[in-house]
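Everything below concerns the one structure shown next.
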Amino acid sequence: MQPHYSPAQVEADARQEWEATRADLAVEDPAKPKYYCLSMFPYPSGKLHMGHVRNYTLGDVLARFHRQQGYNVLQPMGWDAFGLPAENAALANGVAPAAWTYQNIDYMRGQLKSLGFAIDWGREIATCRPAYYRWNQWLFLRMLEKGIAYQKTGVVNWDPVDQTVLANEQVIDGRGWRTGAPVEKREIPMYYLNITGYAEELLSDLDQLSEWPEQVKTMQRNWIGKSLGVRVGFPHHHAGGGTLWVFTTRADTLMGASYVAVAPEHPLALFAARSNLELARFIEECRRGGVTEAELATQEKRGRDTGLSVTHPLTGEPLPLWVANYVLMGYGEGAVMAVPAHDERDFAFARRYGLPIRPVIRTSAGDATPEPWSDAYAEHGVLINSGRYDGLGFDDAVEAIAADLAAKGLGEKKVTYRLRDWGISRQRYWGTPIPIVHCERCGAVPVPDEHLPVVLPEDLVPDGAGNPLARSPDFAQTQCPRCGGLARRETDTMDTFVDSSWYFFRYACPDAPAMVDARADYWMPVDQYIGGIEHAILHLLYSRFWTKVMRDLGLTRQTEPFRALLTQGMVLNHIFFRKGAAGGITYYAPEEVEVTRDAQGRVASIRSAADGQPVEYGGIGTMSKSKKNGVDPQSLIEEYGADTARLFMMFAAPPEQSLEWSDAGVEGAFRFLRRLWRAVYEHVEEGEAAPCDTAALSAELKALRLCTHQTIQKVTDDFARRHTFNTAIAAIMELMNRLGRLEERTPPARAVRQEALEAVCLMLFPIVPHICTVLWRSLSPGEPLAARGWPAVDAAALVEDEIELVVQVNGKLRGSLRVSAQAERAAVEALALAHPGVQKFTAGLAVRKVVHVPGRLVNIVVG
RNA sequence: GCCGGGAUGGCGGAAUCGGUAGACGCGCUGGACUCAAAAUCCAGUUUGGGUAACCAAGUGAGGGUUCGAGUCCCUCUCCCGGCACCA
C-alpha cells in the first residue's frame with residue numbers, strides 16, 4: 001500500500017475496477033427490491049457548474065448507499081438538450097445549435113465521468129435526438145385526438161425592432177434584451193394542453209406524496225389555486241347585447257358592487273374603443289410591457305371608463321363598465337366585479353377614479369370603510385345595506401345570492417382554478433417540431449403516425465430575427481397528408497418542458513420501439529428524485545400531468561412519477577453586469593471583474609478586468625449560464641481530485657439549504673482524506689488484525705467501540721431519513737479524531753481499530769467512493785467492498801452504564817452529574833440538589849419545583 | 001405585488017420531539033518538528049469582565065407563551081427561489 005494519498009492514481013484505479021466489474025450497470029431483476037434514483041438531467045450549457053456537482057453528488061450518494069443496502073439500483077443520466085441557450089450561442093458565435101449542443105454534451109459527459117458517478121451510461125438520452133422527440137410528437141397527436149391538446153390564441157412578448165417573439169428572460173425592464181426596444185404584447189394562435197382538466201387530480205393526489213417536502217406541496221396547491229365561488233352574469237345591450245360573466249369568491253358582497261372591469265383585450269373593451277379615441281389610446285398603452293404576472297401585479301393599477309354600463313343582476317341598477325390593466329384576459333372570464341369596500345385593489349382603484357365605495361359587510365372594523373384601507377375590510381362578516389340579505393353570514397349569503405342568480409339564469413356556484421392551460425407553442429427553432437400541417441383546403445391537419453418523426457433540420461443557424469424554420473422551404477413546404485395539395489408545416493416548436501415531462505420513463509427503456517415498454521413498469525415510479533427547488537412548481541407539475549395523461553392513454557400504470565423528492569437549495573454566486581446604451585444587458589463572470597474595497601471592507605468599486613470600466617453589482621443569485629456566474633468544478637477536480645470535490649460539496653451544507661459559493665474549506669476536506677489514508681496505512685502496515693472478544697474489552701476500548709456503533713447508528717439515520725450528509729461526515733470525522741487519540745497497539749486495540757476503520761470506509765464510500773474502494777483492498781483483502789454492504793449496529797456495543805445529566809437552576813446551566821443509568825429518580829434529584837455549583841444559587845431560597853427530564857436534565861426552580 | 005423558504009462566532013454550518021447554543025470544518029493565534037520553509041502534529045479561539053475558578057450577555061429586530069425558546073405564537077426587516085417563453 002502506498003504511504004501517501006495520491007488522488008489521481010487512486011481515482012483512475014478505482015474507476016478501472018468499477019468498469020471491469022460493470023458495477024454501474026442496471027439490469028431488471030424482479031427478485032430484488034428496485035431503487036430508481038434520478039437526478040434532474042442537465043441542460044448542456046457548456047460546462048458543469050457547482051449546482052450540478054451538488055445535485056449529482058447527492059444522487060450518487062443515495063444510489064450507492066441503497067446499493068450497499070441491497071437494492072437493485074438504476075441511476076441514469078441524459079441531456080435536456082433543446083432550449084434557448086443554444087440559439088443564443090448561435091447568435092453570439094454563428095455556430096449551429098445542434099453542433100454546439102453535441103459538443104457541450106461530449107465535454108460535460110467527460111466531466112460527469114471524472115466525478116465518478118455510478119451512472120448506467122448505456123441508458124443515456126438526449127432530448128434533441130429524433131429517437132426521443134418523436135414520442136413528444138406521437139403523444140401530442142394522441143392528446144389532440146382526445147381533445148387534451150387544442151388551439152387558441154395566447155399573448156407573447158413582441159420585439160418590434162427584431163420582429164421576433166421574446167422569452168420572458170429576454171425582456172429586461174420592459175425592453176428587448178438585444179435591441180433595447182420597448183416590448184409589446186401580441187396575440188398569436190398557439191397549441192395548449194388542457195392541464196386544468198386534471199387540476200382536481202393534481203391537487204388531491206398531492207396528499208399521497210408523503211415523501212415530498214411539505215413546502216413543495218404547498219406551493220403546488222397554491223399554484224393550482226382551487227377556489228369556490230359564483231359565476232355572476234351582468235346583462236348588457238352592447239355589441240349586439242349579451243351577458244358579461246365574472247367569477248367571484250365574494251358573492252356575499254355582490255350588493256356592494258359599484259363597477260365592473262374588463263381586461264384591455266376583452267371584446268367589450270374593443271367594442272367601446274371603436275367610438276372612443278381616448279379609450280383606444282389607453283388600450284394601446286396597455287399593450288406596452290411584458291406579459292409576466294410579476295410585471296402585471298406590480299404595475300400601477302390604471303383604468304378608463306368605457307362609457308358603457310352593464311346591469312346589476314339583482315338590483316337591475318346600471319353599473320359603469322371600466323377597462324383596467326390589472327384584469328387578465330387569460331384568467332377566468334377576463335372580467336371582474338369590483339366591490340371597493342371589501343377588496344384592497346378595488347378600493348385603491350375606486351379612490352383613484354372617484355367611484356362609489358359601498359360597505360355591505362359588518363367587519364371587526366365596523367360598518368364603515370373610511371380611508372386608509374384596513375385589512376379588516378376584507379374579513380367575512382354579517383351582511384348590511386344588502387336589502388333582503390341583511391343579517392346573513394358569509395355561507396348563507398353566498399347560498400341565497402347564488403340561488404337568486406340561478407333563478408334568473410344569471411349565475412351559478414362554480415369551482416375555478418388559478419392554474420391555466422399549458423401553452424406549448426414556441427416560435428423558436430431549437431425544439432421539437434409540432435407535428436401539424438396547415439393546408440388551405442383542409443385546415444390544421446395532424447401528421448400521420450407513419451410520417452413521424454417530423455425531423456428538425458440540424459444545420460440552421462438562428463439570427464435573432466424570427467424562427468429560421470419559417471424561412472426554410474425544405475422544412476416548411478410540404479404536402480397535405482389529407483388532400484395531397486401544397487401545404488405548410490407548423491414551424492412552431494414545443495416548450496422544452498415537454499421534453500422533461502417524461503424523460504424518466506424513457507431511461508427505463510431507452511431503445512424501446514414504442515414510447516415505453518414493460519421495463520418502465522419495472523423501474524417506475526422514480527423512488528428518489530433529486531433536483532433544484534426552482535423546479536418546485538412548473539417542471540414537477542407538468543411531469544405529474546404528463547404521467548396522468550400517459551396513464552389515461554394506457555401507457556403506464558403509474559399515476560404519480562416521483563415517490564420521494566429531495567429539493568436541493570440553489571448554489572449562489574455574485575452577479576455582475578453592465579447595461580448597454582440601448583438598454584441591452586451584458587453579464588460579467590466573477591473572475592472577469594476586479595472588486596476593490598475601502599478600509600472598512602465595504603465594496604468601493606467594481607471594474608471589468610478587461611477594460612477597467614465600471615461594472616454594476618446584481619446581488620447574489622443562482623449559478624447560471626445566462627448570468628455568467630457559474631463556477632466550473634474542473635480546476636477543483638484537477639487540483640484535489642473528485643473525492644475531495646464531492647466530500648467538500650456534501651460537507652458544506654445540508655442539501656435543502658441554499659449555498660453561497662466559496663471554496664474556503666476545500667483544503668480541509670482534502671486534509672481529512674489524507675488523514676484517513678494515513679490512518680489506514682499505519683494500521684495495515686502492522687499486519688492483519690485478529691478478531692477479539694468484544695465482551696472483555698478495557699473501558700477505553702469499550703468506549704471506542706461505543707463511539708463506532710453510535711456513529712454507524714447516526715450516519716445510517718442521516719443517510720436514510722434525514723439526508724443530512726454534512727452531519728454524517730462530521731460524525732465520521734469525530735470518530736476518526738477519537739481513533740487518532742488511541743495509541744494502544746495490543747491485539748484487542750487493533751481489532752477495535754480494524755472494526756472502526758472498516759465502518760468508516762463503508763460509510764464514507766457513497767460520498768468518496770474512489771478512496772474507499774482502494775483503501776478497502778488493503779483493509780480487507782480478498783473481499784470486495786460491494787460484497788460487504790452497509791455496516792450493522794451491534795446493539796450490545798451501545799449499552800452504557802453511566803450517563804451524564806445537566807443540572808439547571810431556574811433554567812440556567814449550573815453543573816453536570818454522572819449517574820448510573822439505572823439510578824432512581826429521587827436519588828438523581830437528591831444528587832442534583834446537593835451539587836456544589838447548584839447550592840451556590842439555591843442557598844437561602846425555597847425550592848418551588850424540580851423538573852426532571854430522565855436522561856437529560858434536572859431543572860431546580862427556586863425563588 | 002402574490003406564493004414558498006431562510007437569517008446562529010471572523011466564515012460554512014451543528015443543536016433531529018421545547019431541554020448543555022456554537023458539534024464538525026475553515027480561518028486566525030501560540031507552540032512542537034525543521035538550518036529554514038512546506039507538510040504534519042499539539043493547544044487556544046462567541047462577546048465583555050477576571051491570572052484563574054467563575055460571572056454576565058448572546059441565535060436578524062421587537063413583543064409573547066413556558067420551569068426552560070435558536071426551536072412555538074404575534075409584528076417587522078433583510079436575503080433567496082418561483083410567478084406560467086431561462087431551465
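Chain identifiers are assigned alphabetically (A, B, ...) following the order of the sequence lines, protein sequences preceding nucleic acid strands; residue numbering begins at 1 within each chain. Note: hydrogens, waters and symmetry copies are ignored here, and every other heavy atom, side chains too, is used. Only a predicted model underlies this, so the values are computations on that prediction, with no experimental measurement involved.
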Side chains of [X] and [Y]: do they bring a donor and an acceptor to under 3.5 Å?
X: A/D718; Y: A/T727; result: yes
X: A/Y326; Y: A/Q299; result: no
X: A/D159; Y: A/W177; result: no
X: A/N168; Y: A/T292; result: no

Could you tell me whether [X] contacts a base, only the sugar-phosphate backbone, or nothing, with contacts defined as non-hydrogen atoms closer than 4.0 Å?
X: A/K625; answer: nothing
X: A/R345; answer: nothing
X: A/V806; answer: base
X: A/P654; answer: sugar-phosphate
X: A/S425; answer: base
X: A/V156; answer: base
X: A/E293; answer: base
X: A/I620; answer: sugar-phosphate
X: A/Q427; answer: base
X: A/G619; answer: nothing
X: A/Y43; answer: sugar-phosphate
X: A/G621; answer: sugar-phosphate
X: A/A652; answer: sugar-phosphate
X: A/Q808; answer: base

Take the protein atom [atom1] of [X] and the nucleotide atom [atom2] of [N], then report the distance between them rounded to whole Å.
X: A/F497; N: B/rA84; atom1: CZ; atom2: P; answer: 10 Å
X: A/M570; N: B/rG82; atom1: CE; atom2: P; answer: 7 Å
X: A/R856; N: B/rA21; atom1: CZ; atom2: P; answer: 12 Å
X: A/Y587; N: B/rC86; atom1: OH; atom2: P; answer: 13 Å
X: A/I732; N: B/rA14; atom1: CD1; atom2: P; answer: 16 Å
X: A/E300; N: B/rG1; atom1: CD; atom2: C1'; answer: 14 Å
X: A/E534; N: B/rG5; atom1: CD; atom2: P; answer: 17 Å
X: A/R674; N: B/rA39; atom1: CZ; atom2: C1'; answer: 7 Å

State which of [options] makes the closest approach to the side chain of [X].
X: A/Y542; options: B/rC24, B/rA84, B/rG19; answer: B/rA84
X: A/T622; options: B/rA14, B/rU40, B/rG81; answer: B/rG81
X: A/R671; options: B/rA84, B/rA14, B/rG27; answer: B/rG27
X: A/I537; options: B/rA84, B/rA87, B/rG82; answer: B/rG82
X: A/W223; options: B/rA84, B/rA14, B/rC3; answer: B/rA84
X: A/K840; options: B/rC54, B/rU40, B/rA56; answer: B/rC54
X: A/L857; options: B/rU20, B/rG19, B/rA84; answer: B/rG19
X: A/V853; options: B/rA21, B/rG19, B/rC86; answer: B/rG19
X: A/L538; options: B/rA15, B/rC86, B/rA84; answer: B/rA84
X: A/Q215; options: B/rG5, B/rC24, B/rA14; answer: B/rG5

Taking the [atom1] atom of each, how far is [N] from [M], in whole Å?
N: B/rG22; M: B/rC86; atom1: P; value: 47 Å
N: B/rU34; M: B/rU40; atom1: C1'; value: 12 Å
N: B/rU71; M: B/rU66; atom1: P; value: 16 Å
N: B/rG62; M: B/rC67; atom1: P; value: 24 Å
N: B/rA53; M: B/rG44; atom1: P; value: 12 Å
N: B/rA52; M: B/rU16; atom1: C1'; value: 37 Å
N: B/rA69; M: B/rU20; atom1: P; value: 11 Å
N: B/rG25; M: B/rC73; atom1: P; value: 34 Å

May I ask you to verify if any side-chain N or O of [X] is less than 4.0 angstrom from the OP1 or OP2 atom of [N]?
X: A/K849; N: B/rU66; result: no
X: A/R814; N: B/rC55; result: yes
X: A/N168; N: B/rC83; result: no
X: A/R722; N: B/rC17; result: no

State the pairing partner of [N]; accept Watson-Crick or G-U wobble contacts with both distances under 3.5 Å, and report none otherwise.
N: B/rC41; result: B/rG31
N: B/rG68; result: none
N: B/rC54; result: B/rG49

Open item on the list: Given the structure, check if the side chain of A/N222 and the base of B/rC3 hold any donor-acceptor pair shorter than 3.5 Å.
Closed with: no

Task: Side-chain donor/acceptor of A/K714 to base of B/rU16, under 3.5 Å - done: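 A donor-acceptor contact between them is present.
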
Open item on the list: Just confirming the chi classification of B/rC17, syn or anti, using 90° around 0 as the syn window.
Closed with: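 Base orientation relative to the sugar is syn.
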
TODO: With syn defined as a glycosidic angle within 90° of 0 and anti as everything else, classify B/rG10.
DONE: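 B/rG10: anti.
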
- [ ] With RNA chain B as reference, determine whether A/I729 or A/R721 sits nearer its 5' end, using the nearest nucleotide of each.
- [x] A/R721

Task: Nearest-nucleotide comparison on RNA chain B, the residue closer to the 5′ end among A/S658 and A/F41 - done: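 With A/S658 and A/F41 compared, the 5'-side residue is A/S658.
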
Open item on the list: Within the supplied structure, the quantity of interest is the number of heavy atoms (other residues, nucleotides, ligands) at a distance under 6.0 Å from A/K217 NZ; does it exceed 12?
Closed with: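 Above 12, so yes.
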
Open item on the list: So A/R675 and A/M736, do their side chains get closer than 4.5 Å, heavy atoms only?
Closed with: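 No, every pair of side-chain atoms sits at 4.5 Å or beyond.
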
Open item on the list: Run the salt bridge (charged side-chain N to carboxylate O under 4.0 Å, His left out) test on A/E87 and A/R426 for me, step by step, so that the C-alpha distance in whole Å, both residues' side-chain angles and the decisive distance to 0.1 Å come before the verdict.
Closed with: CA-CA 13 Å; A/E87 300 200 24; A/R426 297 291 179 272; over 6 Å; no

Task: A/N629 side-chain N/O to A/S624 backbone N/O, donor-acceptor pair under 3.5 Å - done: yes

- [ ] Test A/F41 against every option in A/Y132, A/Y503, A/F82 by the ring-ring contact (aromatic ring centres under 6.0 Å, His included) rule and name the one that passes.
- [x] A/Y503

